[in-house]
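Working notes, structure below.
All values below were derived from every heavy atom in this structure, side-chain atoms included, with hydrogens, water molecules and symmetry-related copies excluded. Within every chain, numbering begins at 1; the chains are lettered A, B, ... in the order of the sequence lines, protein sequences first and strands thereafter.
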2 protein chains.
Amino acid sequence: MARGSKNPFARTRDDHALETAADYAELILRLTETEGEARAVRIAQILGVSPVTVSKTVQRLQRDGLLVAKPYRSLFLTPEGEALAIKFREKHAVVVEFLIRLGVPSVVAETDAEGIEHHVSELTLEAFRKFIGAGRPHQVDVAGRAKG
Amino acid sequence: MARGSKNPFARTRDDHALETAADYAELILRLTETEGEARAVRIAQILGVSPVTVSKTVQRLQRDGLLVAKPYRSLFLTPEGEALAIKFREKHAVVVEFLIRLGVPSVVAETDAEGIEHHVSELTLEAFRKFIGAGRPHQVDVAGRAKG
DNA sequence: CCACTTGTTTAGCATGAGCTAAGTTTACCA
DNA sequence: TGGTAAACTTAGCTCATGCTAAACAAGTGG
């Protein structure tokens, strides 16, 4: 125990759990907005895993207080889950926009951002924002897309 | 199987395995250079995990052909392992340098790079290199490319 | 040359994340 | 209404990554 904190390595299972949580939360929020509800089968399709995996993961996230799921029904984020979703959506949007500004093709930017967003500190994110802002003014809308 | 490929999510256990492999390979190379040999106990200290974890991971990496380990002796990378180490060392150097150029404090850059380096595609890395090169001529450490 | 310290491995456990197969529930339509 | 298809859950397995406790090697100093 008392692992990490000082060393730059030290990624633990907890980190992975947080990544998963953030991905699910983001996705549930998105599906709720775009499809009216978040169903496990859609999550499975989008994440490319089996519905079984989604079911079990959802149970863990419910245990951890990020969402509420009545059996055989659609999924709902708790306030905590929604906060997480919004936080990562914003991170995601910043990273994507940043990469695009750098000249990375948008499809690649999207893919890379998915991995990177879980590893950028607040300071680095701030540097990204500054870089974006330096180009031209911009805004990020509710769905996390940049307009400008 | 046949998961992902097209979708931007889809990080599997294999991805994590690769990250671990790359981290160990990088570290073993570094320790070999700086301390004359790579011992499990040092890896454990640096990564912030128990020696037991290192022992088991080393066995997996040996099984996967990345290193050779005789019981109770120090660790040696195979050519494949060394290639991986060098590849990620270079990625790491580029990411760190890039973040520093962006204005991220070097300690934070180092930490964030550790996570980011496993998620940047070749295209994004190329964009990073271009950005670095655009500033002023420069040089990158030991095995790192790009002298300008 | 033997004991002790240090390093490594084994045994055994947990948890996350993945799977297939099989069983339940819901929903919808004839 | 009742049957079926789709969605979901349960059971039971795998593997990677972590741990502690305990056993076992290696190296060092008396």
Just how far, in rounded Å, is [atom2] of [N] from [atom1] of [X]?
X	N	atom1	atom2	answer
A:Leu47	C:dG16	CG	P	17 Å
B:Leu67	C:dT8	CG	C1'	15 Å
B:Lys70	D:dC24	NZ	C1'	18 Å
B:Leu61	D:dT17	CG	P	8 Å
B:Leu18	C:dA17	CG	C1'	17 Å
A:Glu35	D:dA7	CD	C1'	15 Å
B:Asp15	C:dG16	CG	C1'	15 Å
A:Tyr24	C:dG16	OH	P	13 Å

Report task. Give a yes or no answer on whether the side chain of A:Lys91 reaches the backbone of A:Val120 with a donor-acceptor pair at less than 3.5 Å. Result -> yes
Query raised in the report: Is the base of C:dG16 touched by the side chain of A:Lys56 through a donor-acceptor pair closer than 3.5 angstrom?
Result: no
Query raised in the report: Can you find a donor-acceptor N/O pair under 3.5 angstrom joining the side chain of A:Tyr72 to the base of C:dT24?
Result: yes
Query raised in the report: Hey, does A:Thr20 reach any base, or is it just sugar-phosphate, or nothing, if we go heavy atoms under 4.0 Å?
Result: sugar-phosphate
Report task. Select base, sugar-phosphate, or nothing to describe what B:Val41 touches, counting heavy atoms under 4.0 Å on all strands. Result -> sugar-phosphate
Query raised in the report: Nearest of C:dT26, C:dT8, C:dT9 to any side-chain atom of B:Ala40?
Result: C:dT8
Report summary line: From the candidates D:dG27, D:dA16, D:dC19, the one with an atom nearest any side-chain atom of B:Arg73 is D:dG27
Report task. Would you mind checking if A:Glu97 and A:Arg101 are paired as a salt bridge, meaning a charged N to carboxylate O distance below 4.0 Å? Result -> yes
Query - Under-4.0 Å salt bridge between A:Arg129 and A:Glu122 - result: yes
[X] side-chain N/O to [N] phosphate OP1/OP2 under 4.0 Å:
X	N	value
B:Arg63	D:dA16	yes
A:Arg39	D:dC8	yes
B:Arg60	D:dT17	yes
A:Ser50	C:dC19	yes
B:Gln59	D:dA16	no
A:Arg42	D:dC8	no

Query - Co-membership, hydrophobic cluster, residues A:Val96 and A:Phe88, 4.5 Å side-chain - result: no
Requested in this report: Please figure out whether A:Pro51 or B:Ser74 has its closest DNA chain C nucleotide nearer the 5' end.
Outcome: B:Ser74
Query - Check: B:Leu31 and B:Leu75 side chains under 4.5 Å, non-hydrogen atoms - result: no
Query raised in the report: Taking side chain as C-beta onward, heavy atoms only, is A:Asp23 less than 4.5 Å from A:Glu26?
Result: yes
Query raised in the report: Given that B:Asp64 and B:Thr53 both sit by DNA chain D, which one's nearest nucleotide is further toward the 5' end?
Result: B:Asp64
